[in-house]
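Just so it is clear, the model here is predicted, and its values are computed rather than measured. Throughout, protein chains are lettered first and strands after them, A, B, ... in sequence-line order, and every chain is numbered starting at 1.
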Amino acid sequence: MHDDHDDDIKGIWTRRAFLKSGGIALFSLGVGGNPLFINRAAINSKNNLLNQNKTLVTIFQRGAMDGLMAVPKLNDKYLMNARPRLYMNPGSKNDPVLDLDNGFAFHPSLMPLMDYWKEGSLSVVHGMGSPNKTRSHFDAQDFMESGTPGDKGTDSGWLNRAVGLMGHESPTPFQSVALTPSLPKSFYGEESALAISDLDNFGLPSYINIGNIVGNTFESLYEDTTKEILKDTADATFEAVDLLEKIRQKDYVATSQVSYPNSKLGNSLRQIAQLIKADVGLEVAFAEQGGWDTHVQQGTAQGSFANNLRDLSESISSFWEDLGPYQDRVNLMTMTEFGRTVKENGTGGTDHGRGSCLFVLGQDVDGQKVHGHVPTLAKENLEDGRDLPVTTDFRAIFSEVVGSTFGIANDEELFPGWKGERIKLFKS
Amino acid sequence: MLKRIKFALCILLLSFSSITQKQSEPWVKFGLTDEEAARHVLDRFAFGPRQGDIEKVASVGVSNWFENQMLAAKDNSQLEEILSKLNFKSLEMSLEEMVNTYVPYGQINRRVKDWAVESGLVTEQDFLTMTNEEQRRLALLYMDDFSLRPISELDSETLAQKMIRAAYSENQFQEVLTDFWFNHFNIDASQNDVRPYVYSYERDAIRSNVFGNFSDMLEATAKHPGMLFYLDNGLSTAGSDVETTVSFHMENLSQTTRKRDLPKSARSLLNNSGRGLNENYARELMELHTLGVDAFNNIDGYTQKDVQEVARAFTGWTWFLQDSLNTRLPEGISPMGMANQDSNMSAMDIQVGNSFLSSQLERLGFVQEGSFIFRASAHDAGEKNILGHYFPRGGGLEEGEKVLNILSRHEYTARFLSRKIAIKFVQDNPPEELVELMAKAYLDNSGDLSEVYRSMFYSDYFWRDEAIRSKIKSPFELIISTVRILDSKVTSLKGLFNSIKTMGQPLYRYQAPTGYPDSASSWVNTGSLISRMNFGLLIGGDKIRGVDSDLKALNTFDGVFHEPESVQHALEVYAGIIMPYRDLKETLRILEPVVNAEDLNVKIEIASEQFNVERSMRTEMSDDDFSNVLDQNFEIGTNRKTTKENEGILGQIVGVILGSPEFQRR
């Protein structure tokens, strides 16, 4: 046995390798420390595990985020007139939006992300959305996750297809992990993926047996029965549970020193960071956040939208901090199924629209820019006279991001039926 | 000083009225809000709430609602409208009319041939070579000509009206009790000789008596052909060497009433051509209908000897068919309870005024009540000793009636019935104290069932935590409660009926007189859970024939559908709509992983098939096919435009909710 170091640019961390079946081959180094132990079993020389593999973290904002409030266009009188209650001025006492010096601003809740913006690792893509005009949450989310707008018959998700196009076999069951109670549509398909709602309780029975049949036993009967019927590949899950247990025992899943918001998203990102730092072979991660369907009393610098956006930005910034030196191996992208009306409605909110914006975060991102296009919001420039038009197909963004993260080039298979061009979002 | 007295009096009055208020609102001390109390009573005394019902009952007052339900006098215009649209012919018919209208194919086949040949429709030769289908069509023509209808139509109408009443009647408690008491006095419609009487049995013997005196219901079932056939009492007669009521009376009558003075056809009534004693009814009467099996061989209970003696007391209780069509049919339809040689009797000969019995027959002990007949010639008139009571020689109809009386008033009966009622409405294992207080109410009020229900409703036991949500819905209750809470539009009942059957409860067709069991352990097991999950998914996805549910309408206000923003959100919103005023935290937790599962529908369906393959299903409903009644195109429910968009994720979410453990509870 001998040590095997694989120093990368930033320093002292070793690649780790897992074997799928049998025992774990695991060797690791702590930050700045000495190798704890090195134990390497036979490794398939064909797989390129020892290469730097990157991780893509996606966050689905469910409910249709109001892109024009998250990243408002400045000095547009049409926007101002359309939103008498919701419009926010830069530099104003009560609604201080953060001027980005490019005709756009950030909603004050995005303050935690300003450093990344300024250092050039954060970018926005505005006016993004789907060519399909559905305003149904279910349908639009479906189309975005399957990656085939307009076609309900697709049984695979775009992330699953992306994994299939990566060109390597993963030796670990943790290649694709969703921090959700069940697999999201983005992960449906041939490649195996895991849905873990809570790392600590993964694989553990979540009920206690009580004798009375109409007490908890009915619930536990239900859980047993459904787990049995719905199990995907029992093997993958079993292995994952087993591995995770072993990892836990060795205390490789270190608790974060960073504090995250105590929200569903905060918890999801915290656990994703744990998985990334434990080097379990995570390549695609999925988290979600709800609460974006702001039909009523949206608020401005304060209120439901502001709180939700703050949860998003604080969770992302905590996550990014937590990653530390792993930042160079991770790209993060948000998405939402559509945007909201330019004009506010009668109940202090906005209704379903079309174009919205998303964020891309990563070391290699062509940051400090608002990509895409937002026209002057005069009625004649709006889709159907009411909505921010979709000027960048979401597929142009997604393909670019997985292209940069994983080297995927086959857009035809990634997004069947799409003939568009990628939008350039990365420096290299 | 006076002020102080007045003040004290005020306090006294206030506390007194609050005491009475507490007594009439026993749920308050258990911390239940009016809505939660309303929820509970709608779960127990109704087939579940419809949208808005809980609030309505709470505002009317839960006790007020309960008392009103016992009057069974609510305005039922929606139900009546539905029933009149359906134009079921059997609904209002008397038992005699039903018996004279609905005939099984088997019985008329020969006559069809003769008639068809006579009327020149076919030749003898043709008839022999006809297919079943052609013969059937010919039979329908025959029936048309004689204003007869196939019995499968009666069968279907019976099933349909049960489901419709359960879903749409405002007198819900009455329907719940009809279901309960029918099950208690169970008869099995899959028996050919019982089938024609099931509807009248339910309507006349059961439903009209659920709020009255138990002894009335008991007597009504004892004298109804449904029971007389099912438990064979209609065929039970005195032995051939035994003294009968007729022979007893003949001794004492004058010469003028001798046999030869009676019309020829009536003479045959005087023969005891019976096959002897049948103990079936006597045993079940005591074991299942009144005293209960615990009374068997117990102190003050009953013994095998009692069973025998009771059987003797009920000999001669039978049913005589008044067939006014006799003149049209060459052979009279054989009246039941009589041996073959009596079948040539013509009712016309015997008809005197309203009663077909001549006064001579009455003097010999015959009694006729409607279509029930006490055949004095078949009754064992010897002396008897029953449950400690002595019956001297020469008795008649009054013997059986007295037995029923003794049984109705018996302490064992009070406890047995009270326990069953408590199990149905309170919890699977009711505390003894509850059973006792209900039994006391029964005895103190001479068997008045309303008082028994009342004693239960106003007791603490009904409102305690362990009673709430502690019962599991039967498949019938599950389906009706689903249709009610979803406000589904029903255009045909066959799909629903088949679902109930698949889940193990073919209506009116429980073979044993014990009726369907009523405890969680009988309905909760892996197989039934899966079939309920499957049912939920099918109905959520509008895949049950004849049922459409507008799921979006449930979350539409002021004409605007409030689409939930995600699957997660939809689960929360719709769980709250389908199970209002319930604590749903645990339910949501276990449903989350299921609701979004890949290929959920397919997987549940496969699992369901695997479990149902071995299940012995009673597939033959009757010797005739299902008539068209259950497939009839009628419309129940508000005429809304239902869109196909429900099939899809919203249907799946609702389906998962309907299959959840919590929704199985009532």
Side-chain angles (χ1 to χ4, degrees), chain A residues 60-65 135-142 152 155-157 160 178 180-185 187-189 193 195-197 206-207 212-232 264 288-296 336-337 351-352, chain B residues 427-429 466 469-472 519-521 523-527 529-530 532-533 560-572 586-600 602-608 610-611 645 648-650 652-653 656 659-662 664-665:
Chain A
F60 204 115
Q61 300 166 270
R62 299 205 188 270
M65 180 186 76
R135 292 208 175 87
S136 152
H137 291 295
F138 292 145
D139 286 348
Q141 288 174 19
D142 208 281
K152 278 196 188 171
D155 40 3
S156 61
N160 195 295
T180 51
S182 64
L183 221 53
K185 188 123 203 234
F187 276 169
Y188 281 11
I196 304 177
S197 51
S206 44
Y207 53 84
N212 179 8
I213 195 132
V214 294
N216 290 6
T217 307
F218 198 171
E219 267 70 15
S220 48
L221 176 67
Y222 183 88
E223 282 185 292
D224 283 344
T225 308
T226 51
K227 272 186 188 138
E228 187 58 33
I229 298 173
L230 298 176
K231 64 188 177 189
D232 303 307
K264 190 172 141 205
E288 60 188 16
Q289 183 200 24
W292 292 105
D293 197 20
T294 49
H295 288 281
V296 178
T336 193
E337 67 265 27
D351 298 323
H352 295 180
Chain B
Q427 60 194 86
D428 283 355
N429 263 321
E466 63 188 74
R469 280 169 69 246
S470 65
K471 295 287 300 178
I472 298 291
S519 70
S521 50
W523 297 123
V524 175
N525 53 64
T526 306
L529 187 58
I530 291 177
R532 288 172 186 231
M533 286 172 71
V560 177
F561 170 53
H562 290 220
E563 188 194 12
E565 70 176 6
S566 62
V567 170
Q568 167 74 21
H569 187 222
L571 179 62
E572 282 169 35
E586 185 66 6
T587 299
L588 291 173
R589 186 187 68 77
I590 65 171
L591 293 188
E592 259 179 16
V594 178
V595 80
N596 218 0
E598 211 175 337
D599 297 327
L600 174 68
V602 172
K603 286 177 177 160
I604 299 287
E605 201 176 313
I606 291 173
S608 179
Q610 281 174 342
F611 271 97
E645 283 174 55
I649 193 64
L650 189 55
Q652 183 164 308
I653 293 167
V656 168
S660 68
E662 187 63 21
Q664 310 313 307
R665 295 192 169 100

Side chain to side chain contact (heavy atoms under 4.5 Å, CB included) between A:H352 and A:D293, intermediate numbers included
CA-CA 8 Å; A:H352 295 180; A:D293 197 20; 3.3 Å; yes
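Of the two parts of A:H295, neither the backbone nor the side chain holds a non-hydrogen atom closer than 4.5 Å to a non-hydrogen atom of chain B. Both the backbone and the side chain of B:I590 come within less than 4.5 Å of a heavy atom in chain A. Looking at B:V560, there are no atoms closer than 4.5 Å to chain A (heavy atoms on both sides), in backbone or side chain.
With sequence neighbours excluded, the residues forming a side-chain contact (heavy atoms from CB on, under 4.5 Å) with A:E288 are A:F60, A:R62, A:T180, A:K264, A:F286, listed by chain and number.
Comparing A:F138, A:W292, A:F187 by heavy-atom pairs within less than 4.5 Å of chain B, the highest count is held by A:F138.
With a 6.0 Å radius and a threshold of 12 heavy atoms from other residues, nucleotides or ligands, B:N429 has its CG atom at or below the threshold.
Note on A:D142 versus A:K185: salt bridge recorded, some NZ/NE/NH1/NH2 to OD/OE distance being below 4.0 Å.
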